[in-house]
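As a basis for the values below, the full set of heavy atoms in this structure was taken, side chains included, without hydrogen atoms, waters or symmetry mates.
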Amino acid sequence: AIFNVQNFSFDQLEAALMYAQTLPLYGQEKLLVIRGKITANHFELLNTLLSINTPSTVVLITPLDTRTRIGKLIKRATTVKQFNCTPSWKINELATNVQQESRTLGVNLPLAVSTYIASATGSNSARTTQELEKLATCRGEETLTFGEIKQLIPNLNHSTLELANALKHKDVLQVNQLSQQLLSVGEPPLKITATLLTFIRTWLKLKAALKAGIRSDKDLTTATGVSNPNRLYFLKQDIQGLSTSWLIKSAIALFNLEGEIKQGLPSDYFTTRLLTLLTY
């Protein structure tokens, strides 16, 4: 990967052209990644790049809008494959993907296990692949129990939601236990904080929308930014008993915590900062 994967912006197309014409230093193929917004200024250089017969080079362009002039040029000159991210709430689709990928590794997973793994890794396909490879390696010729699989593949998304609920219910023991558990499995404090902030903000938006008299699911979906209307029912349950004041103070506290972490706050202080939210 060090030798055969290179990233360029569209302002570096001349360098990308030179790289495309070189032979792989190791293996049979190399990957050329071009990122950023394409403009008309790039047309000629890109046309030159596409005209080069380099079967050993795979070109990945992100993002790509095939409706534009340059996008249509790329579509005509090459084989275009779109890779769309499956939303994390489409658990059934993600579970099907997990089962298909696990079979390529020689592991046949029951639906319940595939659904659990899909819930644990979400739409992060890279982590899904890593976890399945880990599972295949640890499994060997043996059959693992569901409990052992849960230990190998912790559901960090679910644990962070549990942490958010523990904060909501002001459960000191649960906040302490879940935050320490997340840290012990290597979950970065910044990621935990960002996820908690997302939960709190979503609850706050829904609370404010309902307080403003918005009632239709369509309008509530627009107001909260929730892409899955079916989630609204559960979100309404989540915010029962929550005050707007607590949500606002918690959102501000988590935003400040995010800033502290970025400035080098030791992880030892992370749980203590979370426990301060229970005092609001």
In Å and rounded to the nearest 0.5 Å, what is the [atom1] to [atom2] distance from [X] to [Y]?
X: L152; Y: E131; atom1: CG; atom2: CD; value: 8.5 Å
X: K249; Y: T279; atom1: NZ; atom2: OG1; value: 8.5 Å
X: D171; Y: Q177; atom1: CG; atom2: CD; value: 9.0 Å
X: Q151; Y: L144; atom1: CD; atom2: CG; value: 10.5 Å
X: L196; Y: T160; atom1: CG; atom2: OG1; value: 6.5 Å
X: T193; Y: L274; atom1: OG1; atom2: CG; value: 6.5 Å

Report task. Begin with the C-alpha distance, continue with both residues' side-chain angles, and end with the deciding distance and a verdict on side-chain contact (heavy atoms from CB on, under 4.5 Å) for S245 and Y280. Result -> CA-CA 8 Å; S245 173; Y280 299 143; over 6 Å; no
Do side-chain atoms of [X] reach the backbone of [Y] as a donor and acceptor pair under 3.5 angstrom?
X: K207; Y: L242; result: yes
X: Q99; Y: L109; result: yes
X: K30; Y: V58; result: no
X: T276; Y: R273; result: yes

How about [atom1] on [X], more than 12 heavy atoms from neighbouring residues, nucleotides or ligands closer than 6.0 Å, or not?
X: Q180; atom1: CD; value: yes
X: R127; atom1: CZ; value: yes
X: K170; atom1: NZ; value: yes
X: F146; atom1: CZ; value: yes

Report task. Applying side chain to side chain contact (heavy atoms under 4.5 Å, CB included) between L206 and each of I214, T221, I239, V226, report the one that passes. Result -> I239
Query - Trace of the side-chain contact (heavy atoms from CB on, under 4.5 Å) decision for E29 with N4 - result: CA-CA 7 Å; E29 291 184 327; N4 289 334; over 6 Å; no
Should [X] and [Y] be regarded as members of a common hydrophobic cluster, given that ILVMFWY residues are connected when their side-chain heavy atoms come within less than 4.5 Å of each other, either directly or indirectly?
X: V98; Y: L111; answer: no
X: I248; Y: F199; answer: no
X: L167; Y: L275; answer: yes
X: L197; Y: W246; answer: yes
X: L254; Y: I261; answer: yes

Query - Plane angle bin for Y19 and F8 - parallel if under 30°, tilted between 30 and 60°, otherwise perpendicular - result: tilted
Query raised in the report: Just checking, is any N or O donor in the side chain of S179 or T271 under 3.5 Å from an acceptor N or O on the other one?
Result: yes
**Report entry** Donor on one side chain, acceptor on other, T222 and D219, under 3.5 Å
**Finding:** no
Nearest heavy-atom neighbours spanning [X] and [Y]:
X: S119; Y: I91; value: CA-CD1, 4.0 Å
X: T128; Y: G122; value: OG1-O, 4.3 Å
X: L210; Y: R215; value: O-NH1, 2.8 Å
X: I153; Y: A120; value: CG2-CB, 4.3 Å
X: S159; Y: Q181; value: OG-NE2, 4.1 Å
X: L178; Y: L163; value: CD1-N, 3.6 Å

Would a 4.5 Å heavy-atom cut-off, applied to side chains only, mark [X] and [Y] as touching?
X: N92; Y: T115; result: no
X: R35; Y: S9; result: no
X: L265; Y: F270; result: no
X: N97; Y: E101; result: no
X: E258; Y: K262; result: yes
X: E260; Y: Y269; result: no
X: N155; Y: K150; result: no
X: D238; Y: L235; result: yes

Query raised in the report: Is D217 salt-bridged to K236, going by a charged N under 4.0 Å from an acidic O?
Result: yes
Query raised in the report: Cationic tip of K168 within the cone over W203's six-membered ring, i.e. under 6.0 Å and within 45° of the normal?
Result: yes
